[in-house]
Amino acid sequence: MTEISIPEVALVLLVGASGSGKSRFAREHFGPYETVSSDECRGIVSNDPNNQAATKPAFELLHTIAAARLKAGLLTVIDATNVQPESRASLIKLARDHDVLPVAIVFDLADSVLFEHDRGRDDTPRGEKVIRRQQGQLRRSMRGLRREGLRGVHVLSTTDEVAAATIVRRKLLTDFRDDHGPFDVIGDVHGCLPELEELLGALGYVIVRDDAGRAIDARHPEGRRALFLGDLVDRGPDSVGVLRLAMGMHKAGHALAVPGNHEEKLVAALDGKRKSMAHGLAETMLQLAGESDEFRREVRDWAHGLVSHLVLDDGSLVVAHAGLKEAYHGRSSGRVRAFALYGDTTGGVDEFGLPVRLDWAADYRGKATVLHGHTPVEQAEWFNNVMCLDTGCVFGGKLSALRYPERELVEVPARERYADPVRPLAPPRGTVARDGGDQDRQRPAAPAAGQPGAGPGAAAPAMPRAAGELRAADVLGKRVIETKLHGRVGIRAEHAAGGFETLSRFAVAPSWLPYLPPTMAPSPTSSEPGYLEHPREAFKVFATAGVERVVCEEKHMGSRAVVLLCRDEATAAKRFGGQPGETGMVTTRTGRALFERELMEEFLAGLRGAVDAAGLWDELETDWILFDGEMLPWSLKAGDLLTGVYAPAGAAARAGLGAAVEAFAAASARGVEAAKLEARAGERLADAEAFTRAYRRYVWPTSGLKGVSFAPFQVLATEGRARYGDPHPWHLDIANRLADAAPELVRRTRSLTVEPANNESVEVGVRWWEELTEAGGEGMVVKPEQSVVLGKKGLVPPGLKVRGREYLRIIYGPEYLEPVNLTRLRDRDLGRKRSLAGREFALGAEALDRFVAGEPLWRVHEAVAAVLALESDPVDPRL
C-alpha cells in the first residue's frame with residue numbers, strides 16, 4: 001500500500017498524460033467538490049469537454065474556481081495533465097498567492113498502459129501521438145519538479161501502485177484547533193528569568209528545579225499551560241536560563257511556543273550564518289558559549305522547529321510573535337512566516353534605523369482573538385480583538401501574561417532596566433494627538449491595545465487611528481448576523497443604509513452607544529367587546545408557551561431613554577473615551593443625545609447620587625451601569641409632535657364639532673328633523689374631547705430638570721456582565737431602590753406578578769390593568785418573569801404591550817372605538833411586528849454580550865446598527 005500524505009489545506013496537482021487514470025483516482029480519493037477538472041471546465045464553457053479550442057477560457061475558469069476554494073481554505077485538486085512546466089507554474093503561483101502548499105501526485109505509467117487506457121475511454125480517445133508527446137513533456141521535467149516549488153511530489157509508476165494508493169490528510173503544523181486550553185499567554189521575556197519565574201508563580205505554576213537549583217520545568221496544578229509568544233532571548237540577564245525553563249516546559253507538555261524574530265536570528269547564529277550580533281544576540285551567544293555542545297544543539301533544534309503561529313480553540317485563538325492578519329490564519333508560506341515574525345512592514349526604515357511597520361490590527365475584523373508581542377507597549381490593552389503582550393520587561397517595564405479564555409491580565413514589574421529601547425515604549429493604540437499636543441485616549445467598548453510606532457522593531461505610524469473609529473463597511477450592505485437568542489438575523493442592504501444614515505448623522509459617538517432598544521409588539525388583537533387590546537390575550541400567549549409566571553409592569557408614557565452612567569469622569573474617559581466633564585450619556589431609541597451636555601450632566605449627577613445612596617457600585621461590582629427606561633413627561637421630547645399635530649387636531653375637532661352640535665340643536669329647536677345629526681355630532685365631540693384628555697395626561701411643563709423624571713425598568717449591563725437575562729423582579733427592585741433614594745428624579749414602576757395558566761391569577765391581572773388604565777395610565781407590559789425564555793419555537797416574546805382603551809385614541813384616532821373602525825382594526829397583521837420585535841431584542845442582547853466580553857467596537861456596532869436597520873422595515877408604526 002502506498003500512503004500519500006497531503007496537508008488538509010493544499011493545492012494538489014494530478015500530473016500525468018491522458019489515460020493515466022487521474023480522473024478515476026480523483027473520484028475515488030477526493031470529495032465530489034474538491035476536484036476541479038479541466039475537461040469539465042471545457043464542457044462548461046463550450047458544451048464539449050473534448051473541445052481543445054476552448055482550452056484557454058476553460059483554464060481561466062479552472063483558476064477562478066480553484067482561487068475561490070483556496071481563499072475559503074478548502075483542499076483543492078486540479079485534474080489536468082499538468083505535464084508542462086508553464087502550466088504547473090501558474091498553479092504553483094496560485095497556491096503561493098493563497099498561502100497554501102502545492103503538492104503533486106505524478107502518474108508515470110508505461111506507455112503501453114496509457115495506450116490501452118486511452119483505447120477504452122468512454123469519450124474521444126486522445127491517440128498515441130498525443131500521449132507520447134505528453135509523456136515526453138512529463139519525463140523531461142520529472143527531475144526538476146521539486147525545484148519548481150512543489151512541497152511534496154508523490155510518484156506512482158504502476159497500475160498496482162495506483163490501485164494501492166491511499167490518501168492521508170495531515171493537519172498543518174499550525175493547526176491546534178482541537179486544543180482548548182486553558183492557556184497563560186506570555187509576552188516577550190528577552191532573557192528576564194527572575195521576572196519569568198515570578199510571573200509563573202503569580203499564575204499559579206509550581207517551578208521544578210534540577211540539582212543545581214536551575215528552573216527546568218513549571219507545571220500548573222489545574223492543568224493550565226503557558227504559551228510563549230517568542231523573543232525569549234537577547235538583551236536580558238539570563239537568556240540561557242529562560243531557554244532551559246521554556247524548553248523544559250515545552251518538552252513536558254506544560255507549554256506551547258511560537259518563535260520570535262530573535263529566535264530566528266539565534267538559529268542563524270548557531271548555524272554560523274549570522275554576521276551581525278546586534279540587539280543582544282552577542283550576549284546570548286556568549287552565555288551559550290558556557291554551555292555544552294549538546295545543549296546548544298538542543299536550543300538550535302528546538303527554536304528551529306517552532307512553527308510560525310498557532311491556531312487554537314476551534315480557531316477562536318491565534319498566537320504569533322508579531323501578530324497575524326485574518327487571511328494568514330492557518331496558512332503556510334514564506335510571507336506568512338515573515339509576517340508572524342516581523343509584522344507588516346513597508347520595506348523602509350525610520351529615523352532610528354528600524355523597520356517601519358503598518359498597523360495591521362487597525363483593519364482587523366476577524367472573529368479569532370489574536371495575541372502577539374514584538375512591539376513593546378506601555379500597557380497591554382485590547383484593540384479590535386487583538387492584544388500586544390510585550391510590555392517591555394527588559395526595558396524596565398512589565399512582563400505580562402493573559403489568561404485565556406478568561407481574558408484576565410496578570411503582570412509583574414521588571415526588577416531593573418536591563419537595556420535601553422531604541423525608542424520609548426509605544427502608547428496604547430488609538431492615541432490621537434489633539435491641537436496643542438495633548439493626548440486623548442479613545443477607549444471603546446473593547447479596551448484599546450498597544451500601537452506600533454515605538455520600541456525596537458515598531459512602526460512610526462503616519463496617521464494614528466482612534467480605537468473607536470469605525471468604517472461604513474462594518475455595517476453597510478447585505479449582512480447576516482449570528483445571535484445567541486435568535487440564530488442568524490438577516491439585514492437587507494437598503495435597510496442597513498437607512499440605519500447607517502441615522503447613526504452617522506444624528507447619533508452620539510459610537511463608544512457611547514453599545515445598545516439600542518428594540519421595538520415591542522402589542523398583545524394579540526382582542527375579541528373582547530369594545531377592546532382592541534386586552535390582557536387576557538397576552539396571558540394566553542405566555543400560557544401557551546409554558547411560561548409559569550409573568551410580570552406585569554406599568555407602561556410609562558414618555559420617551560424611551562438608555563442611560564449610560566459612569567461612577568466618575570475617569571471611568572468615562574477610560575472605558576468610553578469620554579471628554580473632560582463627561583460622566584455618561586443619555587440617548588433616545590435612535591441613538592441621539594436626549595439632553596444638551598450641561599443638563600445631561602445635571603441629570604447624571606442626580607442619578608449617580610441615587611446609585612451611591614443605594615450602594616449599587618459595590619453591590620454590582622462595577623464602575624458603570626447601563627439602564628433602560630422611560631424619560632417623562634412625553635412632552636419633554638415630543639413637544640413638536642404635540643404642538644404641531646395632536647393639539648391642532650384636537651382643537652379643530654372640538655371647535656368644529658362643538659359648532660355642529662350647536663347648529664343641529666338650533667335646527668331641532670326650529671322644528672327641523674336634526675336630532676340624529678345632533679346626537680352623532682355629540683358623540684364625535686365626546687370622542688374628540690376624550691382624545692384631547694388622553695394626550696394631555698402625559699403633558700406637563702418642565703424647567704431644566706424640574707418636572708422631569710426617569711423610570712428605569714431594566715439594568716442592561718455592568719462591567720463584565722450583561723444583565724438583560726436577570727429576572728425582572730430583580731430589575732424592578734433596583735429601580736425601586738433608586739426611586740427611594742431620589743423620589744423627585746426617579747419614578748417607580750408599579751408591577752404585579754401573574755400566573756398565566758391560573759384563571760384566578762389572570763383575573764387579578766385584568767382588574768389591575770383596568771384600574772391602571774381607568775386612572776389615566778397608558779397600559780402595561782407583560783414580560784416573562786425570567787426575562788429570557790427559549791421555547792420549542794424559539795425565543796418567547798420578551799414582552800407584550802397591552803395599551804388602554806383611552807390611550808389608543810392617541811394612536812388610532814378619536815373615533816377608533818366606533819364598531820366599524822374597531823372591526824377594521826382587528827384585522828391588523830401582528831405577525832411581522834412580533835417577528836421584528838424578537839429579532840431586534842436578540843440583536844440588542846448580542847450587542848450587550850459582545851460589549852461586556854470586550855469584543856472590538858466594530859463587532860458591537862454590527863449588532864447595534866442592525867437594530868436601527870430593522871427599524872427601516874415597513875411595518876405599521878401604530879403597532
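- No side-chain heavy atom of T369 sits under 4.5 Å from any side-chain heavy atom of V318.
- Remark: the backbone N or O of E553 is not paired with any side-chain donor or acceptor of R750 at under 3.5 angstrom.
- Ion pairing between R597 and E582 holds under the 4.0 Å rule for side-chain N and carboxylate O.
- Residues S709 and V746 have side chains not in contact (no heavy-atom distance under 4.5 Å, counting atoms from C-beta outward).
- T753 places no side-chain N or O within 3.5 Å of a backbone atom of V551 that could act as its donor or acceptor partner.
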Pair H180-D314, side chain to side chain contact (heavy atoms under 4.5 Å, CB included): steps then yes or no: CA-CA 7 Å; H180 306 292; D314 296 324; 3.1 Å; yes
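- Checked against a 6.0 Å centroid threshold, the rings of W858 and Y364 do not count as neighbours.
- Taking the six-membered ring where tryptophan is involved, the planes of Y698 and Y807 are perpendicular, since the angle between them exceeds 60° and thus also 30°.
- R479 contributes a side-chain N or O that, together with a main-chain N or O of L476, makes up a donor-acceptor pair within less than 3.5 Å.
- Within a 6.0 Å sphere centred on CD of E548, heavy atoms belonging to other residues, nucleotides or ligands number 12 at most.
- One N or O on the side chain of R850 and one on the backbone of R859 form a donor-acceptor pair closer than 3.5 Å.
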Working for side chain to side chain contact (heavy atoms under 4.5 Å, CB included), residues N736 and T749: CA-CA 8 Å; N736 290 337; T749 297; 5.7 Å; no
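- For R767, there are no side chain to side chain donor-acceptor pair (under 3.5 Å) partners two or more places apart in sequence or in a different chain.
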Going through the distances and angles, do R560 and D628 end up as a salt bridge (Lys or Arg N to Asp or Glu O under 4.0 Å)? CA-CA 8 Å; R560 190 72 172 269; D628 196 0; 2.8 Å; yes
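- Scanning for side chain to side chain donor-acceptor pair (under 3.5 Å) contacts around D740 gives R748, with sequence neighbours left out.
- Within 6.0 Å of atom CD in E482, more than 12 heavy atoms from other residues, nucleotides or ligands are found, so the atom counts as buried in its surroundings.
- More than 12 heavy atoms of other shown residues, nucleotides or ligands fall within 6.0 angstrom of atom CD in E494.
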Going through the distances and angles, do D687 and Y816 end up as a side chain to side chain donor-acceptor pair (under 3.5 Å)? CA-CA 9 Å; D687 286 341; Y816 90 99; over 6 Å; no
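- Relative ring orientation between F576 and F851 is described as parallel, the plane-to-plane angle staying below 30° on a 0-90° scale split at 30° and 60°.
- Ring-plane geometry between H731 and H728 is classed as tilted, the angle between the planes lying from 30 to 60 degrees on a 0 to 90 degree scale.
- Residues M557 and L632 fail the side-chain proximity criterion, which asks for heavy atoms closer than 4.5 Å.
- The backbone N or O of G558 lies less than 3.5 Å from no partner atom in the side chain of H556, so there is not a single donor-acceptor pair.
- The closest donor-acceptor contact from the side chain of T483 to the backbone of H486 lies under 3.5 Å.
- V562 and L716 get closest at one heavy-atom pair: CG1-CD1, 4.3 Å.
- Looking only at side-chain heavy atoms (C-beta outward), R721 and R723 come within less than 4.5 Å of each other.
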Quick one: do R567 and R608 satisfy side chain to side chain contact (heavy atoms under 4.5 Å, CB included)? Show the steps, please. CA-CA 7 Å; R567 192 169 193 169; R608 187 177 302 107; 5.7 Å; no
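- Here the side chains of K367 and H329 are not in contact, with every heavy-atom distance at 4.5 Å or above.
- Rounded to the nearest 0.5 Å, atoms OG (S787) and CZ (F841) are 7.0 Å apart.
- Results of the side chain to side chain donor-acceptor pair (under 3.5 Å) test with T519 over K833, E871, E840 single out K833 as the only residue that passes.
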Take E846 and L485 through the side chain to side chain contact (heavy atoms under 4.5 Å, CB included) test and state the conclusion after the steps. CA-CA 8 Å; E846 185 66 24; L485 298 182; over 6 Å; no
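- At a threshold of 4.5 Å between non-hydrogen side-chain atoms, the residues P514 and L626 count as touching.
- Between the side chain of N384 and the backbone N or O of A361 there is at least one donor-acceptor pair closer than 3.5 Å.
- Checking side-chain atoms of H861 against main-chain N and O of P510 turns up a donor-acceptor pair under 3.5 Å.
- Residue L745 comes nearest to G606 through the heavy atom pair CD2-C, 3.5 Å, listed as atom of the first residue, atom of the second, then distance.
- Although no hydrogens or angles enter the test, the distance criterion places a donor-acceptor pair under 3.5 Å between the side chain of T622 and the main chain of E719.
- Closest heavy-atom contact between S872 and G499: OG-N, 4.0 Å.
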Check step by step if side chain to side chain donor-acceptor pair (under 3.5 Å) holds for N821 and Y812. CA-CA 9 Å; N821 293 331; Y812 290 106; over 6 Å; no
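- Residues M600 and L594 have side chains not in contact (no heavy-atom distance under 4.5 Å, counting atoms from C-beta outward).
- Side chain of S761 to main chain of N758: no donor-acceptor pair is present (N/O by atom type, distance under 3.5 Å, no hydrogens or angles).
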Show the numbers, then the answer: is there a salt bridge (Lys or Arg N to Asp or Glu O under 4.0 Å) between D474 and R365? CA-CA 9 Å; D474 295 333; R365 293 295 184 268; 2.8 Å; yes
Can you check side chain to side chain donor-acceptor pair (under 3.5 Å) on T587 and R592, steps first, answer last? CA-CA 5 Å; T587 52; R592 306 183 190 207; over 6 Å; no
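- K484 NZ: more than 12 foreign heavy atoms inside a 6.0 Å radius.
- By the 4.5 Å heavy-atom criterion applied to side chains, V489 and L843 are counted as neighbours.
- Under a cutoff of 6.0 Å and an axis angle of 45°, R805 and Y531 form a cation-pi pair.
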